[in-house]
Asks: 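Pasting in a structure now, in structure tokens, and then I'll have a few things to ask.
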Amino acid sequence: MRMSVGAPPAHHSPAELASGFLTAGVIGASLTAFIGGWMVESVPMIATGLAVPALYGLLFFLVTLPRRASEAAVVPRTALAMIESLEAVRGETSDVPVRFGLSVVPDDAPAFRVEIWQDVNRVELTEYRSGGTVVVEYAPDRPWKTRIVRRPTPQWEQRAAVAQVVSVPGPVMRSETPDSSFSGFLNLFGLLLGVGAVLLLFRADLFDFYEGDDGASPQPSVSSSSSTITVTSVTGTVAIGPGRSMLDESELRRAVESLTQAADKRHALAVVVQDRLLMVVFPPAGAKVAGFDPRSLPYGRVAGLVEEARTTLNDSPRSWQLTADSVDGPLTLRVVVTGGGGTGTLEADGKGEVLRRNGS
């Protein structure tokens with residue numbers, strides 16, 4: 001009985017290349033859409049990231065179903081083979097990839113040479129040696145898909161123990177393809193193309209996120225040689241240059257107003273003032289949290305409150321900090337001054353009237 005054998009694939013077929021390209025594109029697009037959707041809270045993007053791979057998987061299953069059915073209908077053949085060569089690749093797992101060169105001698109078909117890759121457990125590596133006989137299975141129409149049977153039936157195991165298989169001359173069929181570098185490049189290009197398609201399609205959601213959120217997220221402000229203004233999603237800071245101090249009423253007022261331009265910045269959770277630094281903490285976008293208008297601070301009383309807190313120390317203070325918040329109820333100002341002799345504190349109400357003071 002003659003075996004009808006087609007030539008092994010010398011390179012990836014156009015269908016395989018197209019399949020790899022599309023799969024990489026779908027992976028790139030779906031991951032970009034899903035992750036980007038969570039970042040900008042866009043339901044359409046999240047839905048796209050979930051729907052695209054599901055639809056592609058269903059389409060791929062339907063398209064490849066006839067081919068897989070025809071391949072599954074082919075009954076694999078069992079034969080004896082001699083190991084011409086073997087080369088193990090070092091790996092970190094218990095199974096290591098081994099390249100086998102085999103001379104396969106079927107009972108009722110022409111013998112052939114084939115080179116395959118197969119994972120072998122480290123413990124079982126000693127069972128394979130050049131010149132040894134093994135039991136293999138192969139597809140009659142695709143002999144390059146040969147695989148070694150690790151646990152053959154007792155009948156085939158007995159045959160392999162006593163058989164003398166000779167080397168088969170002729171060309172070697174290989175299961176791997178020589179154009180893997182081109183295939184990898186094409187897959188990478190498909191991945192990047194999928195990412196780019198999502199970025200282009202949802203560019204308004206991704207790149208205009210701060211503008212499209214009705215001002216809920218603050219924009220970075222400018223920097224100059226005299227002051228630096230930095231704004232993130234929930235904080236804003238103003239740092240002024242040497243020779244200037246937040247104890248100056250106009251300086252502090254100007255710094256606060258620079259961070260409260262937009263309507264959504266009218267309220268804050270806390271305001272922290274140091275000699276040349278101001279930080280305002282805003283509620284997160286959409287949070288239903290009570291706050292206060294930082295522009296209502298008693299600017300004219302800040303310098304006096306710091307001076308009163310200094311009097312609680314026996315020596316000149318080295319630093320001071322004022323914190324304003326309304327977490328526990330009405331707006332409260334707390335001043336802390338620090339020096340070599342200890343720490344002095346002072347607490348005042350929203351109008352700058354001193355409530356209590358102490359030093360240590």
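Residue numbers run from 1 in the order of the sequence given. Predicted model only: the values in this text are computed from it and were never measured. Side chains included, hydrogens not; waters and symmetry mates left out as well; all remaining heavy atoms used.
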Asks: Just verifying a value: how many Å separate S245 OG and L277 CG, rounded to the nearest 0.5 Å?
Replies: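 Here the rounded value is 11.5 Å.
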Asks: If every non-hydrogen atom of P294 is compared with every non-hydrogen atom of L297, which pair is closest and at what distance?
Replies: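 Nearest heavy atoms, P294 then L297: O-CG, 3.2 Å.
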Asks: Ignoring hydrogens, what is the shortest heavy-atom contact between L102 and A81? Give both atom names and the distance.
Replies: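 Minimum heavy-atom separation between L102 and A81: CB-CB, 4.4 Å.
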Asks: How close do P110 and P106 get, heavy atom to heavy atom, and via which atoms?
Replies: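 Residues P110 and P106, closest heavy atoms: O-CD, 3.6 Å.
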Asks: Using every non-hydrogen atom in the two residues, find where W320 and V273 come nearest and quote the distance to one decimal.
Replies: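 Nearest heavy atoms, W320 then V273: CZ3-O, 3.5 Å.
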Asks: How long is the span from the CZ atom in R334 to the CD atom in Q321, to the nearest 0.5 Å?
Replies: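 R334 atom CZ to Q321 atom CD measures 12.0 Å (nearest 0.5 Å).
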Asks: Would T237 and L278 satisfy side chain to side chain contact (heavy atoms under 4.5 Å, CB included), going step by step from the backbone distance to the final call?
Replies: CA-CA 5 Å; T237 60; L278 166 71; over 6 Å; no
Asks: Does either side chain, that of T23 or that of Y56, offer a donor lying less than 3.5 Å from an acceptor on the other one?
Replies: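 On atom types as modelled, these side chains qualify, holding a pair under 3.5 Å.
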Asks: With a 4.5 Å limit on heavy-atom distance, are the side chains of V149 and W156 in contact?
Replies: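 Sidechains of W156 and V149: no contact.
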Asks: Quick one: are Y138 and W144 in side-chain contact, heavy atoms under 4.5 Å?
Replies: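 The answer is no; the side chains never approach within 4.5 Å.
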Asks: Please confirm whether the backbone N or O of A29 pairs with a side-chain atom of T32, one donor and one acceptor, at under 3.5 Å?
Replies: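 Answer holds: no.
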Asks: Which heavy-atom pair separates D325 from A270 by the least distance, and what is that distance?
Replies: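 Heavy atoms of D325 and A270 come nearest at CB-CB, 4.2 Å.
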Asks: Taking side chain as C-beta onward, heavy atoms only, is E157 less than 4.5 Å from V135?
Replies: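 Not touching, per the 4.5 Å side-chain cut-off.
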Asks: Applying side chain to side chain contact (heavy atoms under 4.5 Å, CB included), run through L125 and V96 and close with a yes or a no.
Replies: CA-CA 9 Å; L125 276 177; V96 296; 3.9 Å; yes
Asks: Is V281 reachable from V336 through a run of I, L, V, M, F, W or Y residues, each pair having side-chain heavy atoms under 4.5 Å apart?
Replies: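 The answer is no; the residues belong to distinct hydrophobic clusters.
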Asks: Are the side chain of R99 and the backbone N or O of L86 linked by a donor-acceptor pair below 3.5 Å?
Replies: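 It does not hold such a pair.
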Asks: Going through the checks in order, is the salt bridge (charged side-chain N to carboxylate O under 4.0 Å, His left out) test met by E307 and R301?
Replies: CA-CA 10 Å; E307 185 61 32; R301 287 286 297 143; over 6 Å; no
Asks: Starting at OG1 of T345, measure out to CZ of R356 and round the result to the nearest 0.5 Å.
Replies: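 Interatomic distance, T345 OG1 to R356 CZ, rounded to 0.5 Å: 9.5 Å.
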Asks: I'd like to know if V354 and V337 are part of one continuous hydrophobic network [Ile/Leu/Val/Met/Phe/Trp/Tyr, side-chain heavy atoms within less than 4.5 Å].
Replies: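 Yes, same cluster.
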Asks: Would you sort out whether D349 and L333 count as a side chain to side chain contact (heavy atoms under 4.5 Å, CB included), showing the intermediate values?
Replies: CA-CA 6 Å; D349 59 19; L333 309 181; over 6 Å; no
Asks: Any Lys/Arg nitrogen of R357 or E347 sitting under 4.0 Å from an Asp/Glu carboxylate oxygen of the other?
Replies: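 A salt bridge is absent here (no side-chain N lies under 4.0 Å from a carboxylate O).
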Asks: Would E84 and S167 count as a side-chain hydrogen bond (donor to acceptor under 3.5 Å, both in side chains) here? Give the steps.
Replies: CA-CA 7 Å; E84 300 279 358; S167 178; 2.6 Å; yes
Asks: Between R253 and D248 (salt bridge meaning N to carboxylate O under 4.0 Å), is one present in this structure?
Replies: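 No.
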Asks: Apply side chain to side chain contact (heavy atoms under 4.5 Å, CB included) to S258 and V238, showing your working.
Replies: CA-CA 8 Å; S258 68; V238 178; 3.6 Å; yes
Asks: Going by side chain to side chain donor-acceptor pair (under 3.5 Å), name the pairs with one or both residues in residues 124-137, residues two or more places apart or in two chains.
Replies: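 Only E124-R151, E137-R147 qualify under side chain to side chain donor-acceptor pair (under 3.5 Å).
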Asks: Just wondering, more than 12 heavy atoms not from Q158 lying within 6.0 Å of its CD?
Replies: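 12 or below, so no.
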Asks: Search all heavy atoms of V105 against all heavy atoms of V166 and return the closest pair with its distance.
Replies: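 Answer, listing the atom of V105 first, then V166: CG2-O, 4.4 Å.
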Asks: Under a 4.5 Å side-chain heavy-atom rule over Ile, Leu, Val, Met, Phe, Trp and Tyr, are L80 and V136 clustered together?
Replies: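 Each belongs to a different hydrophobic cluster.
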Asks: Would you call E257 and R254 a salt bridge, using N to O less than 4.0 angstrom?
Replies: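 Judged by the 4.0 Å cut-off on N to carboxylate O distance, E257 and R254 do not form a salt bridge.
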Asks: How long is the span from the CG atom in L252 to the CG atom in L247, to the nearest 0.5 Å?
Replies: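 It comes to 9.0 Å.
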Asks: Less than 4.0 Å between a side-chain N and a carboxylate O, is that true for D107 and R159?
Replies: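 So R159 pairs with D107 through a salt bridge.
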Asks: Going only through I, L, V, M, F, W and Y residues with side-chain contacts under 4.5 Å, is there a path from F292 to Y299?
Replies: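 Same cluster.
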Asks: Nearest 0.5 angstrom please: Q118 CD to F100 CZ, how far?
Replies: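 Q118 CD to F100 CZ: 6.0 Å, rounded to 0.5 Å.
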Asks: Do the side chains of K351 and L331 get nearer than 4.5 Å, heavy atoms only?
Replies: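 Heavy-atom side-chain distance check fails, nothing below 4.5 Å.
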Asks: Side chain of S103, backbone of V168: donor and acceptor closer than 3.5 Å?
Replies: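 Yes: the side chain of S103 pairs with the backbone of V168.
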Asks: Does L22 share a hydrophobic cluster with L193, counting links as ILVMFWY side-chain heavy atoms below 4.5 Å and allowing steps through other members?
Replies: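 Yes.
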Asks: Please report the interatomic distance OG1(T323) to CD(Q274), rounded to the nearest 0.5 Å.
Replies: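 Between atom OG1 of T323 and atom CD of Q274 there are 8.5 Å.
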Asks: Salt bridge or not for R295 and D293, using N-O below 4.0 Å?
Replies: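 So R295 pairs with D293 through a salt bridge.
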